[in-house]
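These notes are about the structure you will find just below.
Just so it is clear, the structure is predicted and the values come from calculations on it, not from any experiment.
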Amino acid sequence: MTAQTSRYKLTYPTGSDLVSGAPAQFKSMADSVEKALGEVDDRQTANAVKPVVRTTLAQLAEAAGVTGQTGYVTADSVQSNNGAYVYTGSAWVKNVGTWQKFKFKFENEGSFQPIPYGGDNELLWNPILRLIVVRLTSFKSIVGVSTYTVYLSHSGTFKPSKNIGLGQAEFENFTGRGIEVTLTTMGSITIGPELTSGDVVRHLGSYVVPVPSGVTITASGGTSI
């Protein structure tokens, strides 16, 4: 009976195999070696740890990978596409730093007045861990609106393939109403479902939101930190 190695399942004959079966045995052995080499070359197993090197970004995008594996584009015609990448489990992401920062601004500071010393409006993105750190300035609304785009992108592009809930903010004075914070597919941040003139909305400090499974992020122009 043909036996197998434990790691890559390479076959080999044993003492009980008949000489008449040698052709089939050698073919089986060759097929098992080819399969193992193919798995390593395609970087489809946890045992494969070498970088995936391709000439263009389009070629890298078609290559298989395992989460956390590195890749490298060497000679793309678009210079900014060249360099190191990390496979997130669904796509190759340019490795420009562990965290990237994207800044936002109020849609209208006359309608949504920032609370003094509230800090910057920004989202931090970790493509490897698939985590978003939310840091938004609290504000006082001077208008009465339903769900509204309060924050607009100010630097870089940060867009999810589906809307992502960024948790809840709170009213300074209890109103009996909930308030939701949502990152939209347009790359803006909405507050809702209702704001009344005079409402003071306070965010819950700096907090972390995981990106849901199946949601991809289009991110460019962020600041590496």
Side-chain angles (χ1 to χ4, degrees), residues 49-54 57 60-61 63 65-74 76 78-109 112-139 149-170 180-191 201-225:
V49 295
K50 294 181 180 179
V52 178
V53 181
R54 295 293 186 270
L57 179 57
L60 181 65
V66 294
T67 301
Q69 188 172 3
T70 58
Y72 206 91
V73 175
T74 59
D76 197 287
V78 179
Q79 185 62 33
S80 61
N81 286 343
N82 295 320
Y85 287 75
V86 174
Y87 194 71
T88 64
S90 59
W92 292 98
V93 175
K94 190 72 176 291
N95 186 11
V96 297
T98 304
W99 289 91
Q100 300 171 45
K101 179 168 63 178
F102 297 86
K103 292 187 176 182
F104 290 76
K105 62 181 180 180
F106 283 102
E107 185 272 340
N108 184 326
E109 290 194 4
F112 309 105
Q113 297 179 346
I115 301 298
Y117 310 111
D120 293 328
N121 294 312
E122 58 190 23
L123 298 181
L124 307 183
W125 164 236
N126 188 310
I128 299 175
L129 300 178
R130 290 177 57 81
L131 297 177
I132 299 172
V133 174
V134 182
R135 296 175 177 171
L136 296 175
T137 301
S138 300
F139 65 92
T149 301
V150 175
Y151 304 89
L152 300 176
S153 176
H154 185 56
S155 67
T157 299
F158 190 74
K159 297 180 179 181
S161 60
K162 297 179 181 179
N163 288 354
I164 297 177
L166 299 181
Q168 292 186 333
E170 62 182 7
E180 299 289 337
V181 184
T182 304
L183 174 65
T184 74
T185 57
M186 299 300 293
S188 57
I189 298 173
T190 63
I191 303 291
V201 176
R202 293 193 179 276
H203 294 280
L204 306 180
S206 178
Y207 57 95
V208 178
V209 175
V211 174
S213 175
V215 176
T216 58
I217 299 290
T218 299
S220 63
T223 303
S224 180
I225 60 173

| Which heavy atom of Glu107 sits nearest a heavy atom of Phe112, and at what distance? | OE1-CE1, 3.8 Å
| said: Please give me the minimum heavy-atom distance between Ser161 and Gly214, naming the atom from each residue. | reply: OG-O, 4.1 Å
| query | Is any side-chain heavy atom of Pro212 closer than 4.5 Å to a side-chain heavy atom of Ile164? | reply | yes
| said: Would Val78 and Leu57 count as a side chain to side chain contact (heavy atoms under 4.5 Å, CB included) here? Give the steps. | reply: CA-CA 9 Å; Val78 179; Leu57 179 57; over 6 Å; no
| Looking at side-chain heavy atoms only, is the closest gap between Phe158 and Leu183 below 4.5 Å? | yes
| field | Closest heavy-atom pair and its distance - Ser188, Leu152 | value | CB-CD2, 4.2 Å
| query | Heavy atoms, side chains only, cut-off 4.5 Å: are Thr182 and Ile189 in contact? | reply | no
| task | Indicate yes or no: at least one non-hydrogen side-chain atom of Thr149 is less than 4.5 angstrom from one of Thr184. | result | no
| request: Side-chain contact test, heavy atoms from C-beta onward, threshold under 4.5 Å: evaluate it for Thr190 versus Val150 and give yes or no. | output: no
| said: List the residues meeting side-chain hydrogen bond (donor to acceptor under 3.5 Å, both in side chains) with Glu170, not counting sequence neighbours, and say none if there are none. | reply: none
| task | Determine, stepwise, if the pair Glu122 / Arg135 fulfils salt bridge (Lys or Arg N to Asp or Glu O under 4.0 Å). | result | CA-CA 5 Å; Glu122 58 190 23; Arg135 296 175 177 171; 3.1 Å; yes
| task | Taking all heavy atoms of Gln100 and all of Lys94, pick out the closest pair and write down the distance. | result | NE2-O, 4.2 Å
| said: side chain to side chain contact (heavy atoms under 4.5 Å, CB included), that's the test. Do Asn121 and Lys105 meet it? Break it down for me. | reply: CA-CA 6 Å; Asn121 294 312; Lys105 62 181 180 180; 5.6 Å; no
| said: Suppose the criterion is salt bridge (charged side-chain N to carboxylate O under 4.0 Å, His left out): which pairs have a residue in residues 205-225, not counting sequence neighbours? | reply: none
| field | For the student: nearest non-hydrogen atoms of Trp125 and Leu131, plus distance | value | CE3-O, 3.3 Å
| How long is the gap from CG on Leu166 to CD1 on Ile191, to the nearest 0.5 Å? | 8.5 Å
| said: I'd like to check the ring-ring contact (aromatic ring centres under 6.0 Å, His included) partners of Tyr87; sequence neighbours left out, ordered by chain and number. | reply: Trp92
| query | Should Leu123 and Val133 count as side-chain neighbours, where that means a heavy-atom distance under 4.5 Å? | reply | no
| note | Between Gly167 and Glu180 the two heavy atoms that sit nearest each other are O-OE1, 3.6 Å
| Got a sec, which residues hit ring-ring contact (aromatic ring centres under 6.0 Å, His included) with Phe104, two or more places apart in sequence or on another chain? | none
| said: Distance check, rounded to the nearest 0.5 Å: Thr137 atom OG1 versus Arg202 atom CZ? | reply: 11.5 Å
| Do Arg130 and Pro210 come within less than 4.5 Å of each other through their side chains, counting heavy atoms only? | no
| query | Once the angle between the rings of Phe106 and Tyr151 is folded into 0 to 90°, is it parallel (under 30°), tilted (30 to 60°) or perpendicular (over 60°)? | reply | tilted
| Is there side-chain contact between Ile132 and Leu124, with at least one heavy-atom pair below 4.5 Å? | no
| query | Would you say the side-chain atoms of Asn82 pair up with the backbone N or O of Asp76, donor to acceptor, closer than 3.5 Å? | reply | yes
| request: Scan residues 152-164 for pairs that pass salt bridge (charged side-chain N to carboxylate O under 4.0 Å, His left out), counting only residues two or more places apart or in two chains. | output: none
| request: List the steps, then state whether ring pair (Phe, Tyr, Trp, His ring centres under 6.0 Å) holds for Tyr85 with Tyr72. | output: CA-CA 6 Å; Tyr85 287 75; Tyr72 206 91; 8.2 Å; no
| request: Can you run down the ring-ring contact (aromatic ring centres under 6.0 Å, His included) pairs that involve residues 206-225, sequence neighbours left out, and say none if there aren't any? | output: none
